[in-house]
Each structure stands twice: as structure tokens, then as C-alpha cells.
There are 2 protein chains.
Amino acid sequence: MHSYTEENYLKAVFNLSAIKGEANVNELSRLLEIKMPTVNSMMKRLAEKGLIVYESYKPVRLTAKGEKAAALIIRKHRLTEMFLVEKMDFGWDEVHDIAEQIEHVQSPDFFAKMDELLGFPKLDPHGSPIPDKNGKMEWTEYHKLNECKPGDTVVFKAVIHSSDDFLKFLNARQLRLGTVIKVKSVESFDGTMTVEYSKRAPEMLSQLVCDRILVAPKKK
Amino acid sequence: MHSYTEENYLKAVFNLSAIKGEANVNELSRLLEIKMPTVNSMMKRLAEKGLIVYESYKPVRLTAKGEKAAALIIRKHRLTEMFLVEKMDFGWDEVHDIAEQIEHVQSPDFFAKMDELLGFPKLDPHGSPIPDKNGKMEWTEYHKLNECKPGDTVVFKAVIHSSDDFLKFLNARQLRLGTVIKVKSVESFDGTMTVEYSKRAPEMLSQLVCDRILVAPKKK
DNA sequence: ATAATAAGTTAGATTGCTCTAACAAAAATA
DNA sequence: TATTTTTGTTAGAGCAATCTAACTTATTAT
Ligand SMILES: [Mn+2]
Ligand SMILES: [Mn+2]
Ligand SMILES: [Mn+2]
Ligand SMILES: [Mn+2]
């Protein structure tokens, strides 16, 4: 199969492609903390293997084969995170680094068992969808807290770019998935929001924070 | 720390040393399925790092440092096997290959949590002792079923060289750890034993099998 | 004791993954 | 449009881990 290293590149291409449908060498280099020439030559290797489409000076795209391979690694990552949170009592801010390693374990049985013990979950602990066994995932379109207007009442559904630090920040403010958030006001100068949730005093959240919180309208 | 590869060599040296206190290149080569020159150069690398004592044409020995490092990897391996059996419903014949991979995960928290969830077990699913956090393990001296005489009644305590095939063989005969075995007779020609256990008809076990079954006298 | 076999070593090559230095193309800016 | 900056590529090197072929030392058998 594919090496540990190749799997990490593949996943990086997948993640960067999520928005634009393609990924460039420079961003991959930054994300993976690997120098551009190294990334460049790996792109040629992945293209050789039919996992991506590579043309000089152009962004790369995943082939169908590459997309499936990447999704299946992400499936293992997210199942692992869910297992760590649900079955091993880890916090959602403690699981990413462990999952980053366990996602490379080669054992269909191991992940099938996790899936079963978890009751075939559709979402990971950060609200991201878990791809199915064929690498397909259904993505519910949430919107950013940023885009909400004063008076809106929404439910916290997912985080994006969930770094451990950001998750600890949310923990410290009792902000979790499922929390109902009422937008009180938005400062037009810097986008800072004043919000209310869980019967606490109003809280102020910077634009940077609101940009990473995905929400859905609260169903009455 | 040490690479995935180095860890596997270290563990191999540890396992081969278990009996004689030293390991030679040839046996390592067969065990790891890696050619002798490769093993030879790795031995020099491990010696360089102070993990083993290497002198030309002599068997290698682990240093105190190497012994501790190896024991800690084996700790992770055996905790993992125990976790897979106790918390994930795997059979004792299904866990080794998965543990072989997970033992390389770098995350003290992950294994500490396993340990805790398991209630700090002393033995793995095959009856082998789990080294403690300092790499120390207490080894109860069992004896082989082979060495028993007709009339002996013993308890099945552990397996040695537990390959999946051997474990499946034991499964098929309902032989598990804790099973009380009565030795009826021993064929002096080939060492085959006739034994009785679990209210079943007498069963015949070849010398090869009896050589891999560790037992203790049944406490009356 | 000598010859044959087994075990261990050296030399040299290969592959995967990484780097730096230098150069080329594309995009942004003046 | 011309210049500068950013992005991407090529060339060349190094290390880890593996191999094969050839050679040496140690052990076993005759
Ligand atoms: Mn993650
Ligand atoms: Mn990873
Ligand atoms: Mn094992
Ligand atoms: Mn291993």
C-alpha cells in the first residue's frame, strides 16, 4: 500500500482541496512543514501512482483514486478521535495528535470494530463528517458564526481548523458542540461579537474566533 | 526518540535475549526477516546509541538503557493486546499484528489511559507479564506442560511463541488460560500427551504443542 | 588436523524522504 | 510595461534502511 509519508501528503492535499478543489505546493509546504522541493518531488511520485494530477506550475488535484484513498485515511483519523473521546475519556482537545498516528494503522478489523463499538457515528468530536467505507461523506453546509446578525439564535455545530489551543479556548468558556448561542451585537469596527449562551453573562468573541465556529439556525 | 525500525530491532534483541541473555545476528535476521548485513549494520547503530554492546563476531547484549527501552515498547505492546481483548472484544489470536503497530505510537497519555481503563493489569492476554513504567517486570516461573508426568493436575497459565495459528489451534480445542488440565499418559516414543480438561473426552496433544503451553501446579 | 559449513562482516548499490542552493516561471506591484 | 516578489522547479547532496556479492572468521564434521 502507501507509505506513512505518502498518506500524510495525500491527506494534506485533500484538506487543502476541500475549499478550492485544488492544492498548491507552497501551501502544502507550509501545512506539512516540509520544504517546497521535497513537496514538489513527492507530488511527482503521487502523480506517478495515479493519485493526483500534476502539471508543472499548476496546482495539483486529486484523482478519483487519490480522493478515495485520502478519504479513507481521514475516516480512520476521525473514527479514532471519536473512539478516544467516547470510549477512552479523552477531551476533544487531546485526540488529534494520537489520531494522526493511529490513522496509519493497517488493519481493517481494528477500525471496523471501533465503528461498531461507536454505533457507526456520522460525525467526529469536532463536528466533521466521517467518510463511509467507500470514502464518501455527506457534508452538511453550516455557516460561520461570523455571518450571523444580532438577534440570531444558532446551535454550535462544528469547528474549523481545530487546533488544540483553540479547543482549549472553547473549553475555558464552556463552548461545546450543541451549545445554543444568541447573538446580541456585532462591533462593526473589528467584527467582535457579543453573544449569550448557557445562562451565563454575555461573552465577547473576536472575529478570529467567530470565523472558526460553524453554526446552524436553531430549530424552534 | 528511536525510530519505528530501531524499536523493532530492540524488541527482537530483547526477546531473543530472554533465554540466553544474548542474541546473535543470524537469529535476529531470521526472526525479523531482514538479511544479515542489514542486521549487522543496525547492531552497530544501536551500539553507537548505547543500547546494546557489540563486538565483532560475538553475540550482542542489551545495555541497561537498551533493556529499559525495549521493555517499555513491550509494555506498550502488551497493554495494547490487553486493551484489544478486554475493551474491544478481539480474540487473543487477533491482537498481535495490531499491537505490533500501535506499540510505536508516541503518546504517554494514550497508554496511561489504557492502563487505567484496564485496572493496571499485570499480565497480557497470553499470560506474559506487562513491564511496569520503569521497564521492570516480575516473571513467575511456570513450567512446560511437556515436563509434567501422568497424574499431574495443572492450570494453563501462559503460551510461548504465541503465533496466531497456534492460538487458533488452542481455540478449536477450548484450551484457554485458566483451564485445568489432567495429564493421563505420556507416549514415551514421541512425547505425545493424553490429557483431560473441561469435562471433555480425553484429548491428545503433540510434543510440539505441549512445549508451548506453560502451566502451574493446581492449588488444591 | 583439515576440510566443509555456518555465521558474521565489508563493500557497494538502491530507494524513500529529506535538505540547501540556484534557477525559472507566474503573479503582483510600481 | 517593467520590476519585484512569490511560487515552483532542478540539481545535487545526505541519511536511514534495505539489498546482493564477495570475503573472513568461527564452528562442525571428517
Ligand atoms: Mn484531527
Ligand atoms: Mn498522520
Ligand atoms: Mn504479541
Ligand atoms: Mn512493531
Side-chain angles (χ1 to χ4, degrees), chain A residues 1-17 19-62 66 69-70 73 100-101 103-104 106, chain B residues 1-17 19-62 66 69-70 73 100-101 103-104 106:
Chain A
M1 263 303 275
H2 311 122
S3 76
Y4 190 106
T5 310
E6 282 171 349
E7 291 192 346
N8 281 336
Y9 277 90
L10 215 47
K11 215 162 50 105
V13 174
F14 185 98
N15 285 329
L16 282 182
S17 301
I19 318 106
K20 296 171 297 178
E22 45 184 43
N24 57 40
V25 174
N26 193 36
E27 282 172 323
L28 284 166
S29 171
R30 255 181 299 144
L31 183 66
L32 293 164
E33 294 180 301
I34 286 172
K35 296 290 180 289
M36 288 205 333
T38 310
V39 173
N40 186 261
S41 57
M42 182 58 86
M43 289 307 102
K44 290 177 176 174
R45 293 249 313 277
L46 295 181
E48 203 66 40
K49 295 198 174 191
L51 297 165
I52 65 169
V53 179
Y54 170 83
E55 286 173 281
S56 278
Y57 297 104
K58 291 202 195 148
V60 301
R61 282 173 300 111
L62 289 166
I73 302 160
E100 201 59 49
Q101 299 177 66
E103 68 189 357
H104 304 289
Q106 306 282 298
Chain B
M1 262 303 275
H2 312 122
S3 74
Y4 189 107
T5 311
E6 282 171 349
E7 292 191 345
N8 282 336
Y9 277 90
L10 215 47
K11 217 162 50 103
V13 175
F14 186 98
N15 285 330
L16 283 182
S17 301
I19 316 109
K20 296 171 298 179
E22 46 183 43
N24 56 40
V25 174
N26 193 36
E27 282 171 324
L28 284 167
S29 172
R30 254 180 301 144
L31 183 66
L32 293 164
E33 295 180 300
I34 286 171
K35 296 291 180 289
M36 289 205 337
T38 310
V39 173
N40 184 262
S41 58
M42 181 58 85
M43 289 306 104
K44 290 176 177 176
R45 292 249 313 278
L46 295 182
E48 202 67 39
K49 295 197 173 190
L51 297 166
I52 65 170
V53 179
Y54 170 83
E55 287 174 280
S56 278
Y57 297 102
K58 290 200 196 153
V60 302
R61 282 173 299 111
L62 288 166
I73 301 160
E100 200 60 48
Q101 299 176 65
E103 67 188 358
H104 304 289
Q106 306 283 297

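Atoms considered below: every heavy atom in the structure, side chains included; atoms not considered: hydrogens, waters and symmetry mates. A, B, ... follow the sequence lines: proteins, then strands. Residue 1 opens every chain.
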For this session: Nearest whole angstrom, please: distance from the P of D/dT7 to the CD of A/E22.
Result: 15 Å
Exercise. Which heavy atom in B/Q106 sits nearest to a heavy atom in A/Q101, and how many Å separate them?
Worked result: N-OE1, 2.7 Å
Exercise. In whole Å, what is the span from the CG atom of B/L10 to the C1' atom of D/dA17?
Worked result: 16 Å
For this session: Using a heavy-atom cut-off of under 4.0 Å over every strand shown, decide if A/Y4 touches base, sugar-phosphate, or nothing.
Result: nothing
For this session: Ignoring backbone atoms, test whether B/T5 places a side-chain nitrogen or oxygen under 4.0 Å from the OP1 or OP2 oxygen of D/dA17.
Result: yes
For this session: Can you figure out which of D/dA17, D/dG8, C/dT18 approaches the side chain of A/Y57 most closely?
Result: D/dG8
Exercise. Any side-chain N or O of A/K44 under 4.0 Å from OP1/OP2 of D/dT10?
Worked result: yes
Exercise. When the distance from CD1 of B/I34 to C1' of D/dA16 is rounded to whole Å, what number comes out?
Worked result: 12 Å
Exercise. To the nearest Å, how far apart are A/K35 NZ and D/dG14 P?
Worked result: 18 Å
Exercise. What nucleotide among D/dT20, C/dT20, D/dA16 has an atom nearest to a side-chain atom of A/P37?
Worked result: C/dT20
Exercise. A/M43 has an atom CE; how far is it from atom C1' of C/dC17, in whole Å?
Worked result: 13 Å
Exercise. Can you name the closest pair of heavy atoms from A/E22 and A/R61 and give their distance?
Worked result: CB-CG, 3.8 Å
Exercise. If you check the B/N26 side chain, which of D/dT7, C/dC19, C/dG8 turns out closest?
Worked result: C/dG8
Exercise. Between C/dG8, D/dT7, C/dG16, which nucleotide gets closest to the side-chain atoms of A/R45?
Worked result: C/dG16
For this session: Might you point out which heavy atoms bring A/L10 and A/L46 nearest each other, and give the distance in Å?
Result: CD1-CD1, 4.2 Å
Seminar exercise, completed: Rounded to whole Å, the CG-C1' distance (A/L46 to C/dC17) equals 12 Å
For this session: Could you tell me the separation between the CE atom of B/M36 and the P atom of D/dT18, rounded to a whole number of Å?
Result: 16 Å
Exercise. Minimum heavy-atom separation for B/Y4 to B/E100, with atom names?
Worked result: OH-O, 4.3 Å
Problem set entry | A/S56 side-chain N/O to C/dA25 phosphate OP1/OP2 under 4.0 Å | no
For this session: Please tell me if the side chains of B/I52 and B/Y9 come closer than 4.5 Å, counting only heavy atoms from C-beta onward.
Result: no
Exercise. Below 4.0 angstrom from OP1 or OP2 of D/dA17, is there any side-chain N or O of B/T38?
Worked result: no
For this session: Look at A/Y9 and C/dT18 and indicate whether a side-chain polar atom (N or O) is within less than 4.0 Å of OP1 or OP2.
Result: yes
For this session: Measure from CZ on B/R30 to C1' on C/dA7 and round the result to the nearest Å.
Result: 11 Å
Exercise. Is there a side-chain polar atom (N or O) of A/S41 under 4.0 Å from OP1 or OP2 of C/dT18?
Worked result: no
